[in-house]
Novice: 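There's a structure below that I have some questions on.
Keep in mind that what you see is a predicted model, and the values were worked out from it rather than measured.
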Amino acid sequence: MAVSGPDAARFFYGEDNLERHDALPAPVVDTLFGRGVHTLDDQAHKARKALFVALLMHQDGIDTLAALTGKIFDEAADGWRGGKPVSLFDGTAKVLADAVSRWTGVPENAFDLDALTADLLAMVDGFATLGPRHVRARVARVRLERRFAEIIEAARRQEPTDTAVSRTAHHREDGHLLDAGTAAVELINIIRPTTAVTWFVAFAGHALDRWPGTRARLRAGDDEYTLAFVHELRRFYPFAPFLGARARHDLTFQHTSIPAGALVLLDIYGQHHDQRVWPDPYEFRPERFLGRRVGAFELIPQGGGDPRTGHRCPGEKITVAVLGTLVQRLARLDYYLPPQNTAIDLSRVPARVRSGPRIVLS
Ligand code: HEM
């Protein structure tokens, strides 16, 4: 059963209504998420989630990652100059994979950066599609889980430090370390989705092209407007289309019965384009977020409710901070879009800008 709207989100995240194990299709687990925190419930979820909250929701750490990403983006953009078209998508993905690897403390020579970036993108790009992209996603997951398990084992042979690699390696539940494979899955659950912010940077390139009036306040470094722009990006453009969970017992939602075990889908895209919540939902208008307090169940590209206790994404603050830094930098770059097809390709999940977009820096 599909449900939509803030009341549906409240119901979806309501204590004791739904559970996650067995809710995600195997093709999604075997590519995008791995067998980790996304599939846990109750006490097991609480214990695992504590690790992510500690690693990802600390303001100093968020600021450090955003600043590092900005610095690496500036260096990369210098290399994009010279008149040749560059894919904003590919260029940004490499910046993000580099920044998050350094921030989490992945040993410097553990990966070839291009190969790592390609594998991280493949896991996101192929989870919802059968065929070659899906095969590529599975191969990427197997390869990265194996390599990250080695990195976890190496970290265990060293004194604990403050990095995410070390803290994941030494994280204990019920007094026991996680097996190295599971610890690897959870480390990838930080590195992969940070790289996935690429999709939204590409959407920002699309938005700046379609609505050039949005550029000035970003360029000026107006942080309040930048936050509004980032929220509007995450509302307007499609990313995760829906979330799934199973009814723990017989339930009723808005007079409709949901039998125990039934799959409940929360329609994210539908909620973000519901005009009762967002007037003129198909207009890209960052101003709608200025001065607006966003409720915990209204804007849900990364889930709803409380990320500390429920399944809501613990990386949302990181996403917002990193995107804010990058969209301001993008707005300040002097570039143009050569002729290309910038349509949003909805046949892909996640959708993406068909051409990248490709930009030319002067
Ligand atoms: C492109 C940006 C991102 C999007 C669209 C996104 C979206 C989501 C969604 C929809 C969920 C599932 C919520 C649920 O099951 O109720 C989720 C969970 C999660 N996300 Fe993100 N995310 C993003 C970025 C990040 C980042 C940057 C990190 C880490 C640095 C991260 C780490 C996680 C983790 C660990 C979970 C599992 C939480 C749990 O099951 O308790 N995500 N994300």
Novice: Starting at CD1 of I62, measure out to CD1 of I318 and round the result to the nearest 0.5 Å.
Specialist: 5.5 Å
Novice: Using a strict 4.0 Å threshold on nitrogen-to-oxygen distance, state whether E153 and R156 make a salt bridge.
Specialist: no
Novice: So which of L113, L120, D119 actually passes side-chain contact (heavy atoms from CB on, under 4.5 Å) with T117?
Specialist: L113
Novice: Is there a donor-acceptor contact under 3.5 Å linking the side chains of N189 and E186?
Specialist: yes
Novice: Do the side chains of L96 and V100 get nearer than 4.5 Å, heavy atoms only?
Specialist: no
Novice: Is the distance from the ring center of H38 to that of H311 below 6.0 Å?
Specialist: no
Novice: Please say which of D222, D223, T226 ends up in a side-chain hydrogen bond (donor to acceptor under 3.5 Å, both in side chains) with R217.
Specialist: D222
Novice: Only one of D78, D74, D334 forms a salt bridge (Lys or Arg N to Asp or Glu O under 4.0 Å) with R329, so which one is it?
Specialist: D74
Novice: Taking E173 as the fixed residue, which of Q43, K46, R48 is the one that meets the side-chain hydrogen bond (donor to acceptor under 3.5 Å, both in side chains) rule?
Specialist: R48
Novice: So do P27 and R138 actually touch side chain to side chain, heavy atoms under 4.5 Å?
Specialist: yes
Novice: Quick one: are W278 and H273 in side-chain contact, heavy atoms under 4.5 Å?
Specialist: no
Novice: Identify, with sequence neighbours excluded, every residue that meets side-chain contact (heavy atoms from CB on, under 4.5 Å) alongside Q302.
Specialist: R234, C313, E316, T319
Novice: Output yes when E298 and R293 qualify as a salt bridge under the 4.0 Å nitrogen-oxygen rule, no when they do not.
Specialist: no
Novice: Are the aromatic rings of Y237 and W199 close, with centres under 6.0 Å apart?
Specialist: no
Novice: Side chains of F33 and T39: closer than 4.5 Å at any heavy-atom pair?
Specialist: no
Novice: Considering only NZ, NE, NH1 and NH2 on the basic side and carboxylate oxygens on the acidic side, decide whether D125 and R136 come within less than 4.0 Å.
Specialist: no
Novice: Between W211 and F229, is the gap from one ring center to the other below 6.0 Å?
Specialist: no
Novice: What residues, two or more places apart in sequence or in another chain, satisfy side chain to side chain donor-acceptor pair (under 3.5 Å) together with T325?
Specialist: none
Novice: Quick one: side-chain contact (heavy atoms from CB on, under 4.5 Å) partners of V3, sequence neighbours excluded?
Specialist: M1, A8, F253, V264, L266
Novice: Is any side-chain heavy atom of R35 less than 4.5 Å from a side-chain heavy atom of D30?
Specialist: yes
Novice: Going by distance alone, is a donor N or O of one side chain under 3.5 Å from an acceptor N or O of the other, for Q271 and D267?
Specialist: no
Novice: Take a 6.0 Å sphere around CZ of R332 and say whether it holds more than 12 heavy atoms from other residues, nucleotides or ligands.
Specialist: yes
Novice: Can a cation-pi geometry be assigned to R20 and F12, taking NZ or CZ under 6.0 Å from the six-membered ring centre and within 45° of the ring axis?
Specialist: no
